[in-house]
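When a ligand or atom number is given, it counts from 1 through the structure's own listing order. Computed from a prediction, not measured in an experiment: that's the story for all the values here.
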Amino acid sequence: MTERFDVQAACRWIRDQWRELAHELPSDGQQDWSEFGPDVGVVLGSGIQFPADGWTEYCRVAVGDIPGMPSPSVAGHGGEWILGEVGGSTILLLGGRVHLYEGYDVEEVVRGIRILAALGARGLILTNAAGGVREGWSPGEVVAIEDHINLQGVTPKVGIDVSSVIRQQTGLFDRDWIDRTERCYRNDSDAGATDGFPRGNYAGLPGPTYETPAEVRMLRKLGADLVGMSTIQEAMVAVDCRLRVQGFSLVTNLAAGMSGQPLSHEEVMETGRRSRGRLLRIVDAAISTLDPDPPPVNPG
Ligand code: HPA
């Protein structure tokens with residue numbers, strides 16, 4: 001059982017830090033730090049958590065200093081929240097993701113998302129490093145998550161309100177936003193991106209061990225295209241908190257048994273570093289196509 005978490009106290013602490021550390025307000029629409037919230041939050045997966053070119057950074061806070069926030073223990077999940085701006089949108093980069101396999105419980109895993117929503121954000125872009133389960137993908141592929149299979153054995157839906165259950169039946173990931181993102185990305189001539197990106201189903205497992213080859217065969221039969229150890233709990237809470245959500249997996253390796261090579265965390269990190277450019281271009285396209293309105297209460 002975790003201690004009670006005061007999301008408003010965390011928001012006040014963060015805004016006080018921003019007031020002190022950033023010299024001017026990022027957006028002219030907002031007059032006062034005490035009300036300020038970013039438009040969109042971005043969670044970056046293993047090895048990919050540095051701001052991209054063209055992002056203006058305002059300030060950073062160490063995630064472990066935020067009241068109630070757990071600190072990451074896994075290499076590659078840098079421990080800072082970075083407030084910045086890109087293309088006129090204010091963004092909060094949520095570094096320092098924690099995972100169930102680090103021993104945190106589900107409520108700790110999703111706290112950052114609750115804070116993001118309480119700060120007033122409208123959208124969340126989740127990214128992760130994943131194993132490619134679908135045949136034909138290579139490391140470096142970026143895949144939009146269309147739907148998920150929760151094999152983590154937990155959900156954050158304790159004391160739920162029923163409308164969120166209805167929403168989940170329609171899928172968590174915002175298809176219209178994915179479509180707009182893809183159109184925008186295709187038109188990004190700098191990225192030479194006329195091809196768009198594939199879409200797939202993400203299977204979330206508890207970890208921390210990678211899957212066995214037999215488990216990967218099972219996952220393929222279940223309809224999974226990607227496998228990883230994060231994202232699902234965060235997406236569920238985000239939808240409950242009325243954030244629009246998108247998720248992108250960077251395929252850092254072929255899932256176990258598909259390449260004849262053993263998997264390693266170093267390989268995951270290295271592919272993350274090498275391929276982050278494409279992912280961050282897609283994230284930019286997602287940021288610039290976020291709907292200005294919050295999602296309807298019950299789109300189902
Ligand atoms: N399996 C689970 N999680 C992962 C993998 C994988 O193959 N690659 C990166 N994260």
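A single hydrophobic cluster is not seen to contain both V227 and V109; linkage of ILVMFWY side chains at heavy-atom distances under 4.5 Å, directly or through other members, places them apart.
The ring-ring contact (aromatic ring centres under 6.0 Å, His included) with F248 is formed by just one residue from the set F197, Y185, W177; it is F197.
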Ligand 1: protein N/O within less than 3.5 Å of ligand N/O:
unit_1	atom_1	unit_2	atom_2	d
ligand 1	1 (N)	E211	OE1	2.8
ligand 1	1 (N)	E211	OE2	3.2
ligand 1	7 (O)	N253	ND2	2.9
ligand 1	8 (N)	G131	N	3.4
ligand 1	8 (N)	N253	OD1	2.7
ligand 1	10 (N)	A129	O	3.3

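E182 and R186 are joined by a salt bridge, as a carboxylate oxygen and a charged side-chain nitrogen come within less than 4.0 angstrom of each other. With respect to the salt-bridge test (charged N to carboxylate O, under 4.0 angstrom), the residues R199 and D179 qualify.
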Result block: side-chain N/O donor-acceptor pairs under 3.5 angstrom for residues 9-17, not counting sequence neighbours:
unit_1	atom_1	unit_2	atom_2	d
R15	NE	F36	O	2.7
R15	NH2	F36	O	3.0
R15	NH2	L119	O	3.2
D16	OD1	R19	NH1	2.9

Discussion item. If you apply the rule side chain to side chain contact (heavy atoms under 4.5 Å, CB included), what do you find for I145 with N128, and how did you get there?
Written reply: CA-CA 10 Å; I145 301 175; N128 59 50; 3.7 Å; yes

